[in-house]
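In what follows, residues are counted from 1 in the order of the sequence shown. Whatever order the structure lists ligands and atoms in, that order sets their numbers, starting from 1. Values in this document were obtained by computation on a predicted structure and should not be read as measured data.
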Amino acid sequence: MKFIAGNWKMNGSRGALKTMVDALRDIETDNTVVLCVPYTMLGIDGGRASMGAQDVSPHAKGAFTGEVSAEMLQEAGAKYVIVGHSERRQYHGETNAIVREKAAAAIAAGLTPIICVGETMDEKQAGKTMAVIESGVRESVPENTNGKIVIAYEPRWAIGAGLTPTSAEIAEAHTLIANTLHNMGIGGTPVLYGASVKGNNAAEIMSIPNVDGVLVGGASLKPDDFIPIITSVK
Ligand code: 13P
């Protein structure tokens, strides 16, 4: 059984989400399916899919104009929330320390954070990929996870670019993450791969050891693209 999450980023509409939910209703799969949508689309019953958000405030409540708390997400029907996505790290200056606080806030409200880590092209070219991944995991995962986290490895240079690392590179990264989580006492935590996952590469990627599922961007927006990914694996 695999874990297949879509990240709609700032795309879609409530109408498009209803179309997706209807299309997912009859698919035959035991896989976990999650749709991480903009805040305004929460509240719609995901049916076969669990709903998730794409960010959360590290604060529980109060004078933080524009922010949305984990408890509010939970009340709106979210079960998951992406934290530390590379676009948040890149455009909003999120550090591992901030990501860790957000993940802790999510866990405290009963949500499962999907914690993203991954290297930039500069870091890759400087030979720092493994170091960035390991420190990303060690520094972004809160002390008490309650067994309720998911990790997503997203090589930042490959996102939305139609580029993917080689299978050997994905295997190396995922083995490092699995070992790091084991050493932190939380072995068995699901680890997803994300960046340019499509119907034609999803099954191969999910056959790589220690890849427990995928986090899909562009190809999660339309049923014709997303459903083949979900049904490509058992
Ligand atoms: P793409 O699948 O569009 O490359 O996006 C990946 C991603 O950022 C998922 O969170």
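When only interatomic distances are considered, the shortest N/O to N/O separation between Glu87 and ligand 1 does not fall below 3.5 Å. Polar contact with ligand 1: absent for Gly194 (N/O pair, distance under 3.5 Å). For ligand 1, the polar-atom distance check against Gly218 finds a nitrogen or oxygen pair separated by under 3.5 Å.
If you look at Asn7 next to ligand 1, the close heavy atoms, those under 4.0 Å, all belong to the side chain. At a heavy-atom cutoff of 4.0 Å, ligand 1 is contacted by the backbone of Ala195 but not by its side chain.
Inspection of the Tyr153 and Glu119 side chains reveals an N or O donor paired with an N or O acceptor under 3.5 Å. With 3.5 Å as the limit, one finds a donor-acceptor pair spanning the side chains of His85 and Glu154. The closest side-chain donor-acceptor pair between Asn96 and Arg138, if any, does not fall under 3.5 angstrom. Side-chain contact of Asn31 with Thr29: a donor-acceptor pair under 3.5 Å is present, judged by distance alone. A donor-acceptor pair shorter than 3.5 Å can be found between the side chains of Glu123 and Thr120.
A salt bridge links Glu94 with Lys102: the closest approach of a Lys/Arg side-chain nitrogen to an acidic carboxylate oxygen falls below 4.0 angstrom. The pair Glu169-Lys124 counts as a salt bridge, with a side-chain nitrogen and a carboxylate oxygen less than 4.0 angstrom apart.
Residue Lys198 places no heavy atom under 4.0 Å from ligand 1. Put simply, no part of Ala219 is less than 4.0 Å from ligand 1, judged by heavy atoms.
Residue, atom and distance of the protein heavy atom nearest to atom 2 (O) of ligand 1 are Gly217 N, 2.9 Å. Nearest non-hydrogen protein atom to atom 7 (C) of ligand 1 is Glu154 OE2, 3.3 Å.
Close contacts of ligand 1 with Leu215, meaning ligand atoms under 4.0 Å from a residue heavy atom, involve 9 (C), 10 (O). Near Lys9, meaning under 4.0 Å from one of its heavy atoms, ligand 1 places the atoms 5 (O), 6 (C), 7 (C), 8 (O).
Taking OG from Ser220 and CG from Leu215, the interatomic distance works out to 8.0 Å, rounded to the nearest 0.5 Å.
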